[in-house]
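Counting from 1, the numbers follow the sequence of the chain as shown. Keep in mind that what you see is a predicted model, and the values were worked out from it rather than measured.
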Amino acid sequence: MPTPEVDYPPPLEPRIPPPAPPADPDDTDPGPGGTGPDDTGRDDSGRDDTGLIDTEPSDTEPSDTEPSDIAPQQVLLGAGVVAVVAAGAASLTDAGSVPGLLVVSLLTVAATLGSLRAGRRELGSSEEALASVAVVLAAVAAWSAGDGPGGPTAILLSLLAAVFAVLGLIARTAVTWPVAAWGAVQAAVLSGLTGSGLSLGPHATAVLATAVAGLVITLAARRAVAVVTLVTAAAWWGTGVVEGAARVWTTESVVAALAPSTLMLLAAGALLALCGRSELRPLLGPPAAVPVLAGLAAGAAVSGLLQAAGLAGVLASGYLGVALATAVGVVASSGRSALLRPSGLAAAVVLTGLAVVHLLGSGHWSALATLVAVAAVPAVVVAVRRPDERHWALPVVVGCLTAAVLLTEADGSIGSAPAGRLLVLLSLVTLGSATALRGQRAELSLTGAAAVVAALGLGHLARTGHPPGLAVGLAVVGAGFIASGTVTDRSRVRAGGCTALVVAAWLAAGAADIGVPEAYTLPAATVLWLYPGRRLATGSSWRAWGPGLVVAFVPSVWLAAVEPDLLRLVLVVLAATLTAMAGSRWQVQAPLVVGAASLTAVALGRLVVHLPLTGLLAVGAAGAVMLAAGAAYEERRTRARAALARVADLR
């Protein structure tokens with residue numbers, strides 16, 4: 001009997017693991033026969049980023065023990081490094097002895113050859129360990145042969161730096177050689193500078209050159225080497241920039257300042273270029289820190305070099321900073337470069353700021369006034385191209401122009417009165433700009449700037465000792481602020497303008513020697529009517545019209561009632577009558593009541609003051625009789641209406 005066929009499912013295909021992500025080319029520099037680290041940080045030879053052999057068990061090699069962070073060969077290599085270095089150092093107990101130097105030299109050569117051989121065999125840990133032995137022994141031998149700090153040691157360390165650099169090019173998988181080369185360079189510079197007695201110029205040049213070299217190595221080296229060089233070069237950079245700035249700002253020779261200023265520019269450029277390496281950004285601090293530092297260093301270098309040329313160089317530095325700030329406002333505002341804006345602005349601030357300080361200290365007021373006025377151009381460019389930054393750019397423009405006027409006055413080119421008029425005019429222009437930008441963020445800042453400038457202008461007018469001129473200035477400023485506050489509906493702005501108008505009117509009255517009280521009350525009443533603005537026609541009459549009417553009528557009514565002044569009496573009666581008629585005509589309560597009350601008060605006051613006692617008694621008696629008669633008459637009419645009502649209710 002045939003066996004039935006059985007359909008089996010097809011065999012499963014072997015699972016293929018997903019490909020590893022591509023390695024970052026900046027994180028490795030594979031040598032011959034190597035393909036760089038994989039996604040775990042190890043290359044195909046089993047070494048990780050530090051060059052050590054991976055000893056973790058694989059999936060195909062079972063292990064009875066837990067994996068350890070320290071491999072056995074690392075322990076052995078570490079102990080061997082310490083032993084060999086100690087033996088070599090012990091042979092140099094007699095500093096500079098020929099046998100000791102010979103032993104250390106042989107050990108150094110042997111360790112170097114062993115490191116190169118280990119590198120070719122892809123033994124990373126052995127390569128780094130032997131390279132470390134060679135480096136330490138060579139440094140000890142150089143220091144011993146040079147007999148401590150000084151020229152011979154510096155020369156030997158320089159030769160060692162060159163040898164280490166060549167070895168780093170040969171053995172590209174080892175990290176020790178390039179790091180040792182950079183360390184030997186630093187040690188050579190320190191040895192050469194120690195006890196050399198160099199002046200500030202050569203000393204700053206040597207330090208800056210070392211800093212530039214360290215930053216260049218950081219830009220070109222692998223990440224492991226770049227981190228070391230960056231950390232160590234930072235101290236050289238800071239020291240060199242400080243010494244270089246001190247040198248260029250304490251010399252009056254352009255030639256003497258040329259070398260340190262050039263190196264400062266190179267140091268600034270190299271520092272700015274570091275921002276291009278993404279793997280180093282965590283070490284550079286906030287995003288704007290490096291660009292600002294580079295800009296400050298570059299600005300100090302150029303400004304110091306220019307000031308050595310005298311006053312013309314100082315002015316050139318100031319205008320160069322203004323031009324640079326303008327260019328940054330035009331180019332960087334479009335967002336093309338994240339580094340140009342902070343670095344360019346920092347350099348511009350240093351260039352112009354140091355020029356301003358120099359001109360201020362030397363007393364060149366006119367030149368400083370022109371420079372400060374021109375410094376408003378970058379702020380204007382920013383205000384035009386970046387509307388969201390107008391809230392600070394436009395006040396800066398106003399501040400620059402105000403400072404220019406004050407500096408021109410300090411130079412004696414104009415007096416206090418013209419300076420005050422210019423400042424008042426500038427405040428009105430600023431206030432008009434704020435009114436045009438109503439509702440925007442820049443409105444309040446411009447209004448505040450206008451108030452400050454107006455106060456400065458009025459202060460200058462007050463210094464002249466001419467009250468009419470000050471009164472005119474106050475009136476103009478007050479009218480401007482009232483108009484602006486009315487358009488923008490800002491009560492505080494209107495209040496400031498009203499106060500200025502009142503003070504202007506009182507000052508004018510006092511200057512004219514006018515003793516009439518109405519010269520002070522009527523301007524105050526007028527200002528109280530101006531303050532409500534549109535509420536005079538739409539708001540409550542007592543809130544809008546009442547305060548001004550009371551201030552205008554009460555003093556005059558009192559004087560018209562108690563003093564025998566016919567002109568005032570006629571004018572007050574006429575004004576009260578017209579006010580009451582206007583309130584009745586336009587159906588406004590406050591003018592109607594105040595006008596009628598003022599007219600009644602004047603009439604009664606004149607009657608009470610100027611009638612004799614017997615007349616007053618007669619008038620009082622007549623009034624009492626009339627009141628009694630009126631009350632009796634009203635009572636009779638009330639009773640009569642009640643009686644008629646009862647009769648009407650009958651059937």
Is the shortest side-chain heavy-atom distance between [X] and [Y] below 4.5 Å?
X	Y	result
L193	V207	yes
V453	T430	no
L284	L230	yes
L263	L266	yes

ask   = Just wondering, more than 12 heavy atoms not from R281 lying within 6.0 Å of its CZ?
value = yes

Nearest heavy atoms of [X] and [Y], plus distance in Å:
X	Y	result
V372	A403	CG1-CB, 3.7 Å
A369	T408	CB-OG1, 3.5 Å
L446	P395	CD2-N, 4.3 Å
P291	P287	CD-O, 3.3 Å
A442	L394	CB-CD1, 4.5 Å
G318	L371	C-CD1, 3.6 Å

Restricting to side-chain contact (heavy atoms from CB on, under 4.5 Å), what partner residues turn up for [X], sequence neighbours left out?
X	value
V349	none
V380	V384, V397
L360	W365, L368

task = Go through the structure and list residues passing salt bridge (charged side-chain N to carboxylate O under 4.0 Å, His left out) with E409, not counting sequence neighbours.
result = R463

query = Are any side-chain N or O atoms of S445 and backbone N or O atoms of H391, one a donor and one an acceptor, separated by less than 3.5 Å?
reply = yes

ask   = Would you find a donor on one side and an acceptor on the other, under 3.5 Å apart, between the side chain of S191 and the backbone of A187?
value = no

message = Run Y319 and T370 through side chain to side chain contact (heavy atoms under 4.5 Å, CB included) and show every step you take.
response = CA-CA 10 Å; Y319 288 112; T370 305; 3.3 Å; yes

Not counting sequence neighbours, which residues clear side chain to side chain donor-acceptor pair (under 3.5 Å) with [X]? List them please.
X	value
T218	T229
S366	D411
H364	S362
S303	S317

Side-chain donor-acceptor pairs under 3.5 Å in residues 175-182, sequence neighbours left out?
from	atom 1	to	atom 2	distance (Å)
T176	OG1	E128	OE1	2.5
W182	NE1	T232	OG1	2.6

What's the spacing between [X] [atom1] and [Y] [atom2] if we round to 0.5 Å?
X	Y	atom1	atom2	result
L271	L219	CG	CG	9.5 Å
L401	L426	CG	CG	6.0 Å
L406	L423	CG	CG	5.5 Å
L215	L272	CG	CG	11.0 Å
S343	L293	OG	CG	11.0 Å
L190	W236	CG	CH2	4.0 Å

Which donor-acceptor pairs under 3.5 Å do side chains of residues 321-328 form with protein atoms, sequence neighbours excluded?
from	atom 1	to	atom 2	distance (Å)
T326	OG1	V322	O	2.8

Ignoring hydrogens and angles, write down the donor-acceptor pairs under 3.5 Å from the side chains of residues 304-315, residues two or more places apart or on other chains.
from	atom 1	to	atom 2	distance (Å)
Q307	NE2	V248	O	2.8
Q307	NE2	T251	O	3.4
Q307	NE2	G304	O	3.3

request  = With side chain to side chain contact (heavy atoms under 4.5 Å, CB included) as the test, would you mind laying out the steps for L422 and I414 before giving the verdict?
outcome  = CA-CA 10 Å; L422 287 175; I414 59 175; 4.2 Å; yes

task = Not counting sequence neighbours, list each pair that qualifies as a salt bridge (Lys or Arg N to Asp or Glu O under 4.0 Å) and has a residue in residues 233-261.
result = none

